[in-house]
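To start, the structure itself, in structure tokens.
As the structure is a computational prediction, the values presented were derived from the model and not from experiment.
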Amino acid sequence: ATVSLYVDDTPLTSDDIRTATPDPGVLDVDHIEVLRGPQGTLYGASSMGGTIRVITRKPELNAFNGKLNVVGSLTDGGDGSYGANGVLNVPVVEDRVALRLSGFYRHNGGFVDQVPLASVAAIPGLNPDQRAAYQHGQSNINSGETYSLRAVALLKVTDNFTLTPSIFTTENRYDSLSAVDSAYGGRLVDTIYLKEPYKDGDVEYALSANYDLGAAQLTSATSYVDRTFRGLNDETRFMAENFGNALGDPFRTGSDVHIFTQEVRLASQGKHRIDYVLGGFYWQFDEKGFADQSNPGEGALLGLPVPGDIFYRKDASRNNRERALFGELTFNATDALHITGGLRAYSGSRALRDVNQGFFNGNRTTISQASADYNGVNPKVSVSYDVNSDVMLYATAAKGYRAGGANISVPTTCAADLAALGLTASPASYAPDKLWNYEAGAKTSCANGRLTANGAVCHIDWTGSQVRQ
């Protein structure tokens, strides 16, 4: 990703081009901060284009309140959707401890129809009952459901020291992907034989500790995220077109991800000639993933040598680390003129172990291991001038980056594709990509803030862009 996503102080962004950033599914939102342009000084990797921070509401120490909403909607040509969400704030110890609970459930009505394809229905090896069901077709196969639950406590240990532990879980389950066959001229239909369900869920544990030092605030933000994904793709048509027959072929994928993050920072507060943020950061990412196309009896059906009926199997593990020290100083030369300089020094490592086996890997087991280390410094310089309370002029130069990493190896059947790229094997690793953003502009408001008008000119120098091939 090129834009980092945070929920409070927990980063959720994946900095690997193969793994999507999860949908946080947050309900009880206080506000959302959108920081445009490279934010690599304070937010590190994958904030090349900016940072989005979803700031949730905190427990209220002396207020008992709540709300409940029920929602519903209709989809033209699809199923209806419905859901409910609610929030409850409960004081536990007067002036000292409070608990805030929030959650939602949503049923998402499907809108993609499964339409039988004659060539698929004619595959001889299909199960007769499944063939009959396929020939009948099915409406709205991509229905799904989403739920989210969050519990957060506020403990005011002393007047200057607070602890905020939280647990947050969200899950998306869908009966099939929302994919359509382009051959049907815009109709929302798919010709898959097997539906393609998937499940993506995560649990986040977080602890924020804040100590008010008067002129500054010391913050420790700790988080641990467990994420699990399971999915299925239909390869029945592929097998029949290439081998003349098929039993109905599910291609299963999955991953289990564990992410630990620790950040400690000291930030000035109040009005000073020099404002500052200083801190340290540690990030640990561990993943085990798999892909599997095994189908008992299909090797014999196709007359192919397929030991164990394993057409393809991949087991991969990734272990990534990053450490950083950062700081940002703002010199308030006058009440209107502010000069900011920032720096982030970082280093990291990526390691990958990849095991491939099965018919599509030449009926052999291949093991590849790769690692990559990287380091660098991200600077930032910014000058702003408040012409008045409604007009601010600024100019900034900032550097952003996205971490490099190790590449997953590809099966031997991809040799022709590699050759087309001028390669004999997949590269063991890929380098970080970096950019410099040079920008100048103005931010204005009028009518007591009801109307804003902003403008800017910028030049971006992006080198080593990471792309899929």
Heavy-atom side-chain contact between Lys199 and Glu171 under 4.5 Å: yes

Can you find a heavy atom in the side chain of Ile367 that is under 4.5 Å from one in the side chain of Gln357?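 They are not in side-chain contact.
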
Work out which heavy atom in [X] is nearest to a heavy atom in [Y]; give both atom names and the distance.
{"X": "Thr396", "Y": "Ser382", "answer": "OG1-CB, 3.7 Å"}
{"X": "Thr366", "Y": "Asn361", "answer": "OG1-ND2, 3.1 Å"}
{"X": "Ile141", "Y": "Ile192", "answer": "CD1-CD1, 4.1 Å"}
{"X": "Leu232", "Y": "Lys195", "answer": "CD2-O, 3.3 Å"}
{"X": "Asn332", "Y": "Asp275", "answer": "ND2-OD2, 3.1 Å"}
{"X": "Arg150", "Y": "Arg57", "answer": "NH1-O, 3.9 Å"}

Listed by chain and number, what are the side chain to side chain contact (heavy atoms under 4.5 Å, CB included) partners of Glu145, not counting sequence neighbours? Tyr105, Arg173

Do [X] and [Y] get their side chains close enough for a donor-acceptor pair, meaning under 3.5 Å?
{"X": "Ser294", "Y": "Asp292", "answer": "yes"}
{"X": "Ser223", "Y": "Asp9", "answer": "no"}
{"X": "Ser445", "Y": "Thr452", "answer": "no"}
{"X": "Thr41", "Y": "Asn378", "answer": "no"}
{"X": "Asp286", "Y": "Asn319", "answer": "yes"}
{"X": "Asn85", "Y": "Asn69", "answer": "yes"}
{"X": "Thr56", "Y": "Asp28", "answer": "no"}
{"X": "Asn356", "Y": "Asp354", "answer": "yes"}

Please identify which of these residues, Asp8, Asp30, Thr164, meets the side chain to side chain donor-acceptor pair (under 3.5 Å) condition with Lys58. Asp8

Taking the side chain from Arg323 and the backbone from Tyr282, do they hold a donor-acceptor pair closer than 3.5 Å? no

Short question: side chain of Ser143, backbone of Gly110 - any donor-acceptor pair under 3.5 Å? yes

Pairs touching residues 210-220 that satisfy salt bridge (charged side-chain N to carboxylate O under 4.0 Å, His left out), sequence neighbours left out: none

Residue pairs involving residues 379-397 (criterion salt bridge (charged side-chain N to carboxylate O under 4.0 Å, His left out); sequence neighbours excluded): Glu328-Lys380

Count the heavy atoms of every other residue, nucleotide or ligand shown that sit under 6.0 Å from OH of Tyr211, and state whether that count exceeds 12. no

Is it true that the NZ or CZ of Arg344 lies under 6.0 Å from the centre of Phe281's six-membered ring and within 45 degrees of the ring axis?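 That pair qualifies as a cation-pi contact.
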
Using the six-membered ring wherever Trp is involved, compare the ring planes of Phe311 and Phe360 and label them parallel, tilted or perpendicular (cut-offs 30° and 60°). tilted

